[in-house]
*Asks:* 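Submitted below is the structure of interest, expressed as C-alpha cells.
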Amino acid sequence: MQHNEEYVLKVLEEGGVVTRQQIDAARSLLNGEPGVVDVLINDGIVSDVDVSRTLAGQAHMDWIDISSMVIPPQIINQIRGEDARRFKVIPVAFGETGLVVAVGNPLDIDTIDSLSFLLQRELELVCTSPQKIREALIKYYGTADEAADVLQKRIGEEIDLGLEIGEDGEATAIDEADAPIIRLVSMLLIEAHRAGASDIHLEPLDKKFRVRFRVDGVLQEMQAPPKRLQSAIISRLKIMTGSMSIAEKRLPQDGRIQVKIKKKPIDLRVSTIPTNHGESVVMRLLDKSNLKLGLPELGFFSDDQETFERLIKLPDGILLVTGPTGSGKTTSLYACLNYINKPDRKIITVEEPVEYQMTGINQVQVNTEIGMTFPAALRSILRQAPNIIMIGEIRDLETASIATNASLTGHLVFSTLHTNDAPSAVARLIDLGVQPFLVASSVRAIMAQRLLRRLCAHCKQPGELSETELRALRIEPGQLSEAQVMKPVGCDRCRQIGYKGRMGIFEIFEIDDDVRHMINERSPTLLLRQRARELGMRTLREDGVRKVMAGLTSAEEVISITMGDMS
C-alpha cells in the first residue's frame, strides 16, 4: 500500500480510525520514509483488519473474513498457486457474473486488471486483510508443514491434543519429529468442526489422498494433504484411538477418539477398511451438544411436539422411529431419552455401537464376537428392572419378540426400524415373524422421519414457488397468502451454498383401537395408511410443505427428500 500511503492515511483519518497526532508521531519515527501504516499496525494503534475494512468501504467493496471459511478445492483450483502468490489473491466462490476473488489491497487496480486479463474471465472482488491473504496462501497453496505452522497457535487454543497417553495411563510428551503430523491432524479436525461436518472421509486414491467432509448430508471435497503423508496421518489417527493397531493394515478396525475443540467435548468414531491404495478412514463426529437439543430444534412444530411429548411419557408400549440410514433416527431417540432422563427412572440402552455417552443412563455395547448380541443383552437387562429401554435397532425376530414382551410387562421401549414410512413398520414387524396380535397390543406409535437442509438464516431471501413446485407439493395459490416462502442465496456463513444446518420432517402414526383391529386382521399397509390419514396423520411431504410455507427450507429440498411420498 506504500505507493498509495498518503491516500490511505487520509481515508483512515477521515474514517476516525486514527488521529492526525498518531499519524504524525508514526511519521516522525521514519524520518520521512514510507511505512507509516506499518508503524501504526505494529504499535497496535490500528489493526490490518481495521485498515482493510476502511479501504473496502471507501472502494464500495464487501469485506469478508476468509480465515473462518472452508474454501473447496474446485474453487481454489480456479487460480494456480504461483498466480495466487504473485497477485496476492484467494478465490473464494463462484459469483453471478464471475469468479469471486478476495484481495488484500482494493486500491491496486492494475494488479487486479492484470489477473483478470491472465485468467480471461470476469472477477467479482471482495476485500480481506493482507495477513489473512498470506495465511490463506500458505493454507491452500503451501506445503503441509507450512499450513500446520500457520495454524499452530490457533490449534493450541482450540484443540486439546498436546499429550500422548501411555499404556500405564501416564501422559508423556510428544516426539518433536511427529509434531507436524500431529498439527496437521489437529488442523483437519478443527476445519471439520468449523464446517459443521458430520463425517470426515480420508480416501487413498492412486495419486492423491482425498479428503471429504459431509456437511448437512452432502459430501464436499476439501484441500488434500500430500500423498506422501497418507501413512503417517492414518497411523496418527490410530494412535489417538488407543485401541487400533498401526501394524495391522489388512483388516478393518474400529476405534474412538475423544478431543476438546473450543472447550467442547467431541467424540470421533473411527473406522478403517483396507482398499487397493491403502486404508480408507471414516471418522464420524459426534458433538455432545446435540444431546441437549430440545424437540423444537429437531424440527418439530408445536402441535407435533405436543403429541410426541405425550407419547414419550407413556408408562409402557413400543415407540418406533423409522427411516433410512442417516435420517436422524438416533439423534431423535437420544433427544427423547435426554428429555425423560429423571432420577426416578431407570433407563438402559442396548446399542451397536454406543454413539453418545449420556450421564444417568446405563448404556450397553453389543459385542457379537463374545456372544453379547442384542437378544442376549436384552434378556439380561430385563433382570435389571428398568423403566425405559432403548434398543438401537430391531433387526431380527428374537430382538423383536423380547422388545414386544418387555413392552407388555410394563416397560416403555424405544427402537428404530428401516422403513420408508410409518405404517410400513407394522408390515415389517410381521415380516420378521412377530404375531399380528402382539404388534397390535404392544406398539403405541410409529414416527417416520427424514432430514432436510435448513435455509441459511443470514442470506435467505423472499421467493416464489414455480408452477411445477406448486403442483408437486399440492399447494393451492390461495394458501400462499399468509406464507413466508424463502429461497437460498449463499453467503460466507453457509459457504455460498444457501443452506446451513438440518432439521427433521415427521409423520406420526398413533395406534388406536380401530388400527389394532386392522393389524389383527392383517390389513395391507395401504389401508393402514388411509386410516392413519383419517386420524390426522400428516405425511412427510405435508410436514415439509408446512416448513416451506414458514420459510425454513426450500420447495426443491422437500421435493427431493420426499420423492417417494406422493400420497
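Hydrogens, waters and symmetry mates play no part in the numbers below; they use all other heavy atoms, side chains included.
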*Asks:* How about Val350 and Met390: do any of their side-chain heavy atoms sit closer than 4.5 Å?
*Replies:*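 Counting from C-beta outward, Val350 and Met390 never come under 4.5 Å.
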
*Asks:* Just so I know, are the side chains of Phe301 and Leu552 near enough to count as touching, which here means a heavy-atom distance under 4.5 Å?
*Replies:*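 The answer is yes; the side chains approach within 4.5 Å.
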
*Asks:* Of all heavy-atom pairs between Leu429 and Ala400, which one has the smallest distance, and what is that distance?
*Replies:*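 That would be CD2-CB, 4.5 Å.
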
*Asks:* Checking side-chain polar atoms at under 3.5 Å, does Ser554 have a donor or acceptor matched by the opposite partner on Tyr499?
*Replies:*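 Side-chain D/A pair, Ser554 to Tyr499: present.
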
*Asks:* Which atoms form the tightest heavy-atom contact between Met244 and Asp254, and what is the distance?
*Replies:*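 That would be CG-O, 3.6 Å.
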
*Asks:* Could you tell me if Gln363 and Glu351 have a donor-acceptor pair between their side chains, going purely by distance under 3.5 Å?
*Replies:*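 Glu351 vs Gln363: donor-acceptor pair found between side chains.
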
*Asks:* With a 4.5 Å cut-off on side-chain heavy atoms, are Asn341 and Tyr334 touching?
*Replies:*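 Tyr334 vs Asn341: side chains apart.
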
*Asks:* Can you find a heavy atom in the side chain of Phe414 that is under 4.5 Å from one in the side chain of Ile312?
*Replies:*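 Yes, their side chains come closer than 4.5 Å.
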
*Asks:* Can you name the closest pair of heavy atoms from Lys227 and Asp206 and give their distance?
*Replies:*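 Closest approach of Lys227 to Asp206: CE-O, 3.9 Å.
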
*Asks:* Heavy atoms, side chains only, cut-off 4.5 Å: are Leu320 and Arg444 in contact?
*Replies:*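 Leu320 vs Arg444: side chains apart.
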
*Asks:* So, the side chain of Asn405 versus the backbone of Ser401: is there a donor-acceptor pair under 3.5 Å, distance only?
*Replies:*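 Yes: the side chain of Asn405 pairs with the backbone of Ser401.
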
*Asks:* Give me the atom names and distance for the closest heavy-atom approach of Val366 to Met372.
*Replies:*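 In this case the closest contact between Val366 and Met372 is CG1-O, 3.1 Å.
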
*Asks:* Is there a side-chain contact between Arg453 and Val218, using heavy atoms and a 4.5 Å cut-off?
*Replies:*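 A side-chain contact under 4.5 Å exists here.
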
*Asks:* If only side-chain N and O atoms count, and only distance matters, is there a donor-acceptor pair under 3.5 Å linking Glu309 with Gln305?
*Replies:*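 Short answer, yes.
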
*Asks:* Going by atom types alone, do Ser245 and Gln253 pair a side-chain donor with an acceptor below 3.5 Å?
*Replies:*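 Short answer, no.
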
*Asks:* Grab the two heavy atoms, one from Leu311 and one from Leu319, that are nearest each other, plus how far apart they are.
*Replies:*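 Result for this residue pair: O-CD1, 3.4 Å.
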
*Asks:* Hey, does Glu507 have a side-chain heavy atom less than 4.5 Å from the side chain of Asp543?
*Replies:*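 They are not in contact (no side-chain heavy atoms under 4.5 Å apart), so the answer is no.
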
*Asks:* Under 3.5 Å, is there a donor on one side chain and an acceptor on the other for Ser424 and Asp421?
*Replies:*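 A pair is found: one side chain offers a donor N or O, the other an acceptor, under 3.5 Å apart.
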
*Asks:* So do the side chains of Phe213 and Leu219 get within less than 4.5 Å of each other, counting heavy atoms only?
*Replies:*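 SC-SC contact between Phe213 and Leu219 ruled out.
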
*Asks:* How close do Met537 and Phe509 get, heavy atom to heavy atom, and via which atoms?
*Replies:*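 For Met537 versus Phe509, the nearest heavy atoms are SD-CB, 3.8 Å.
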
